[in-house]
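Notes to accompany the following structure.
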Amino acid sequence: MSNKADKLVLIDGNSIVFRAFFALPPLTNSSGLQTNAIFGFTTMLLKVLEEEQPTHVLVAFDAGKVTFRHEGYADYKGGREKTPPELKEQFPVLKELLKAFSIEQFELAGYEADDIIGTLSLQAEAQGRDVVVVSGDKDLLQLASDRVTVLLTRKGVTEVERYSPTAIGERYGLTPTQIIDLKGLMGDTSDNIPGIPGVGEKTALKLLHEYGTVENVLSHVGEIKGKLGEKIVEHSDSARMSKQLATIFREVPLAHTVDDVTYKGYDSATLGTALRKLEFKSLVERLDLGGAEVTDAEDVEQAAAFEVVRVDVEGWSGLNDALPRAESIYVEAVGENPHQSEGVGVAVVAGDQVYTLPYALLKSDDAKPFIAWLGNPEAPKTGYDFHRTKLVLAWSGIAFEGQAFDAQMAAYVLDPTDTDLSLNGLLVKMGLSSISSDESVFGKGAKFQVPDANKLAEHIAAKADAIRRLKPSQSEKLEELGMHHLFYELEQPLSIVLAGMEKQGVSVQASALQDLGSQFERRIEEMMTTIHRLAGFEFNIGSPKQLGEVLFEKLGLPVIKKTKTGYSTDAEVLEKLEPYHEIVRQILQYRQLTKLQSTYIEGLLKEIRPESGKIHTYYRQTIAATGRLSSQYPNLQNIPIRMEEGRQIRKAFVPSEPGWRILAADYSQIELRVLAHISGDDGLKEAFVKGLDVHTKTAMDVFRVTADQVDSNMRRQAKAVNFGIVYGISDYGLSQNLNITRREAAEFIEQYFQAFPGVKRYMETVVEQARQDGYVTTLQGRRRYLAEIKASNFNLRSFAERTAMNTPIQGTAADIIKLAMLRMNEAIRDRGLKSRMLLQVHDELVFEVPEEELAVMEKLVPDVMASALQLDVPLVADVSVGANWYEAK
DNA sequence: CTCGTCACG
DNA sequence: ACGTACGTGACGAGG
């Protein structure tokens with residue numbers, strides 16, 4: 001028997017299902033059954049099957065409510081919120097699906113999935129077989145051995161982290177069995193295992209690194225001083241019991257053995273039917289289970305609902321005649337950066353026909369009627385990613401107007417946290433029949449290739465048809481959720497404004513960057529020599545691994561913080577190490593300069609177009625969950641400003657016309673003003689109405705002093721408190737930021753809330769509202785769903801709560817500047833100004849302005865920004881002008 | 001291709 | 001008791 005080649009995969013069913021349920025949006029199928037946990041579990045399962053190629057597979061479930069653990073400790077898993085019905089209903093369906101996979105599933109009254117997995121893995125490794133355990137629960141790490149590897153899910157369910165005993169040693173400095181001791185000391189809230197109060201992971205690890213086991217900690221408790229020692233003595237029984245509870249029982253009286261869980265693969269027809277029933281069309285597609293049989297009559301109809309007419313084969317007349325009846329359009333282009341993408345094809349849907357043409361055909365004379373239609377603002381278009389489309393066409397010299405409905409933008413507005421806005425992804429989420437993924441048609445990475453004309457025509461036709469099919473439910477949903485205005489009046493028009501700014505570009509002087517770069521270069525080389533001399537040998541300073549070895553092993557500096565893979569050497573750590581060794585300061589400076597050199601000097605130089613001297617960034621409008629923009633290729637929203645050396649980079653950003661100037665205008669304290677408005681707090685509102693310095697005002701109230709008693713340190717701390725409030729305050733976060741104790745931070749927050757009770761009320765209300773509705777909104781009706789607001793996991797829930805507090809603030813600020821951009825665009829156009837809007841940096845707009853328009857613009861820009869949205873407090877924008885972006889400060 | 005790091009609001 | 005500030009994108013290192 002060849003046990004050596006055997007590989008068992010043992011899956012902790014409950015743990016994965018729970019994870020998937022909270023990690024995924026609440027997808028439902030057309031009959032209303034929520035299927036997100038099943039979907040998440042299945043994607044995880046497919047990934048593991050593919051990557052591990054197991055010979056045996058088992059999914060273990062917890063059975064019933066009471067286990068043997070309750071015999072010794074009645075409160076085991078007490079205080080847990082009961083399983084939500086939307087989750088509960090998914091278990092039986094999942095179990096059916098596993099049958100279709102031909103995968104065994106075990107559960108046994110009185111035992112948990114952990115115990116079943118522990119028992120089987122013990123058997124298997126004794127027989128010399130390899131085992132992979134899959135769970136979301138760290139406890140399972142105790143099973144790791146030479147033969148047993150544990151995969152823990154990280155974010156979501158398909159990302160896993162692989163733990164061998166060595167990996168556990170590196171991560172925690174513990175052996176697998178010590179994981180039990182870890183939990184014995186720190187406990188586990190979700191299982192209601194108490195541990196020792198006041199001992200968290202940090203303290204527990206320290207104790208275990210010193211003493212090895214719970215028992216040994218308890219017998220050496222005399223050596224442990226202070227409160228910690230007292231706590232351990234007081235709760236020693238609890239620690240012993242907790243350790244017992246955390247120990248996986250590996251002798252479950254199972255009726256089956258390893259040989260009963262062999263996995264020989266699934267039957268395609270059976271699995272295909274099961275997945276179709278669940279409407280997991282993307283999975284059917286991915287596994288290529290579609291061919292066998294199409295059970296859903298509707299699918300047949302939809303799939304055959306159009307005829308592809310190739311303009312390159314049939315000629316233009318059909319398309320030209322159909323244009324007045326066009327229902328949707330899709331322009332395919334390859335390349336991530338739309339300023340450098342190559343158009344490959346166009347598809348237009350009209351009735352039962354989809355007309356397709358190779359992009360190159362747009363250059364022919366026969367294309368004129370079609371080009372005119374593309375540029376006709378009176379010909380409304382429904383499409384997908386108009387922003388990209390407009391740019392691609394614009395670089396071909398083709399105007400694109402009449403953008404009526406953008407399915408990608410609609411999907412973003414409907415759920416800004418959705419990271420898969422691919423057409424196929426949207427179809428699946430909407431429960432519509434799916435199309436081929438781009439990856440399956442084009443391949444990816446090095447294998448990326450545009451397919452032959454026929455295949456391409458089929459694919460882009462399917463995409464254009466998909467857009468048509470998506471639109472009705474999307475537009476209905478937009479109305480239903482009151483998002484008509486946000487979508488039609490704000491986001492869609494803005495995409496046009498953005499495309500204009502990007503196409504315009506901003507002039508950047510290569511020579512200025514190069515001069516700065518050679519200065520940096522000299523200093524980098526000097527510093528490198530110094531650092532190598534101080535270390536005593538040459539090494540790669542840019543390698544965190546090598547740097548860690550030098551600092552902490554060769555030079556013996558104290559380890560402040562560790563990362564998953566080794567010593568942390570980030571700026572926060574280095575700042576703490578500065579007093580110990582001269583080398584540290586040099587490293588900090590070296591880091592700063594190499595960052596400037598690689599990201600900003602070299603990075604920006606690469607992006608300057610030699611023919612125009614301009615940089616064209618690409619603002620992404622469908623990425624940020626709060627409604628902000630982001631910027632790529634290159635990112636022009638993180639050009640240095642805080643440090644003088646980096647700030648010099650801004651001198652290279654200049655007007656594109658001789659004699660013009662750069663004008664920059666930024667909102668003053670926009671987030672705090674938004675907070676004042678939505679919280680209605682009288683004190684905060686008054687501060688802004690009176691035009692006070694809000695950080696000084698905060699310092700006065702928090703420290704209970706008069707204005708002239710506020711020193712710079714108090715103001716600095718008050719400013720940090722204000723930031724904290726906007727981020728969704730926590731004492732821990734504030735304490736980290738200010739380098740103070742948590743107690744002190746908590747005191748600041750307490751004082752703040754006393755001074756600004758309206759803000760406190762807002763924070764409580766918004767979290768409560770999120771719990772009730774499952775989402776929060778901005779002033780313009782932008783909505784963000786917070787699935788994890790009810791999670792039992794403290795971390796997930798706390799994160800959701802902070803998000804609930806922060807998103808309406810950050811998101812409303814984003815709404816406001818977007819409105820201002822629309823208004824500025826109109827103002828420039830209506831007044832016939834030559835000035836151009838170039839950049840947006842979250843609370844700042846940058847323009848290039850001819851001399852003769854300076855006076856107008858210096859008044860117009862801040863006026864428009866201030867009046868973009870009427871709040872209960874004034875909005876203020878500060879404006880400044882210079883020869884370059886550096887001087888416009 | 002992921003991780004650590006660091007630039008911005 | 002738990003343990004993180006909110007939102008992004010780009011780079012070099014190292015598998």
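By convention in this document, chain letters (A, B, ...) are assigned in the order of the sequence lines, proteins followed by strands, and residues within each chain are numbered from 1. Computed from a predicted model, the values in this text were never measured in an experiment.
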Counting any heavy atom closer than 4.0 Å, what does A804(A) reach on the DNA or RNA strands: base, sugar-phosphate only, or nothing? nothing

Would you indicate whether the side-chain heavy atoms of H387(A) and Q621(A) approach each other to under 4.5 Å? yes

When you check the phosphate oxygens OP1 and OP2 of dG3(C), does a side-chain N or O of Q736(A) lie under 4.0 Å from one of them? no

For Q546(A), report the nucleic acid contact type (base, sugar-phosphate, nothing); a contact means any heavy atom under 4.0 Å. sugar-phosphate

Check whether any side-chain N or O of S730(A) sits under 4.0 Å from OP1 or OP2 of dG3(C), and answer yes or no. no

E538(A) atom CD, over 12 foreign heavy atoms within 6.0 Å: no

Is R797(A) close enough to dC2(C) that one of its side-chain N or O atoms is under 4.0 Å from OP1 or OP2 there? no

When Y633(A) is tested against each of Q340(A), E336(A), H339(A) for side chain to side chain donor-acceptor pair (under 3.5 Å), which residue passes? E336(A)

Hey, does I639(A) reach any base, or is it just sugar-phosphate, or nothing, if we go heavy atoms under 4.0 Å? sugar-phosphate

With respect to the phosphate group of dA7(B), does any side-chain polar atom (N or O) of R642(A) fall under 4.0 Å of OP1 or OP2? no

Would you tabulate the pairs of protein nitrogen or oxygen atoms and nucleotide nitrogen or oxygen atoms of nucleotides 6-9 of chain C closer than 3.5 angstrom?
from	atom 1	to	atom 2	distance (Å)
dC6(C)	OP1	R802(A)	NE	3.2
dC6(C)	OP1	R802(A)	NH2	3.0
dC6(C)	O2	Q810(A)	NE2	3.2
dG7(C)	OP1	R784(A)	NH1	3.3
dG7(C)	OP1	R784(A)	NH2	2.9
dG7(C)	O4'	Q810(A)	OE1	3.4
dG7(C)	O4'	Q810(A)	NE2	3.2
dT8(C)	OP1	A625(A)	N	2.9
dG9(C)	OP1	S630(A)	OG	2.6
dG9(C)	O4'	N635(A)	ND2	2.9
dG9(C)	O3'	S631(A)	O	3.4

Take atom P in dC8(B) and the same atom in dG3(C), then report the distance between them in whole Å. 31 Å

Given that both pair distances must be under 3.5 Å and the pair must be Watson-Crick or G-U, what runs of three or more consecutive pairs involve DNA chain C? B:1-9 with C:6-14

Between Y732(A) and R742(A), is there a cation-pi geometry (under 6.0 Å to ring centre, at most 45° from the normal)? no

Results of salt bridge (Lys or Arg N to Asp or Glu O under 4.0 Å) for D666(A) - residues two or more places apart only: none

If I pick the C1' atom on dC2(C) and the same atom on dC6(B), what distance separates them, to the nearest angstrom? 29 Å

N540(A) near the nucleic acid: base, sugar-phosphate alone, or nothing, with a heavy-atom cut-off under 4.0 Å? sugar-phosphate

Take the angle between the ring planes of F552(A) and Y567(A) and call it parallel below 30°, perpendicular above 60°, tilted in between. tilted

Phosphate OP1/OP2 of dT5(B): any S568(A) side-chain N/O under 4.0 Å: yes

When the ring centroid of Y752(A) is compared with that of F748(A), is the distance short of 6.0 Å? no

Looking for any heavy atom pair under 4.0 Å, which part of the strands does A814(A) touch: base, sugar-phosphate only, or nothing? nothing

D843(A) near the nucleic acid: base, sugar-phosphate alone, or nothing, with a heavy-atom cut-off under 4.0 Å? sugar-phosphate

Do the side-chain N or O atoms of S798(A) get closer than 4.0 angstrom to the phosphate oxygens (OP1, OP2) of dT4(C)? no

Counting any heavy atom closer than 4.0 Å, what does L596(A) reach on the DNA or RNA strands: base, sugar-phosphate only, or nothing? nothing

Regarding T569(A), tell me which of base, sugar-phosphate or nothing describes its non-hydrogen contacts under 4.0 Å with the strands shown. sugar-phosphate

Separation of T203(A) OG1 from M186(A) CE (nearest 0.5 Å): 9.5 Å

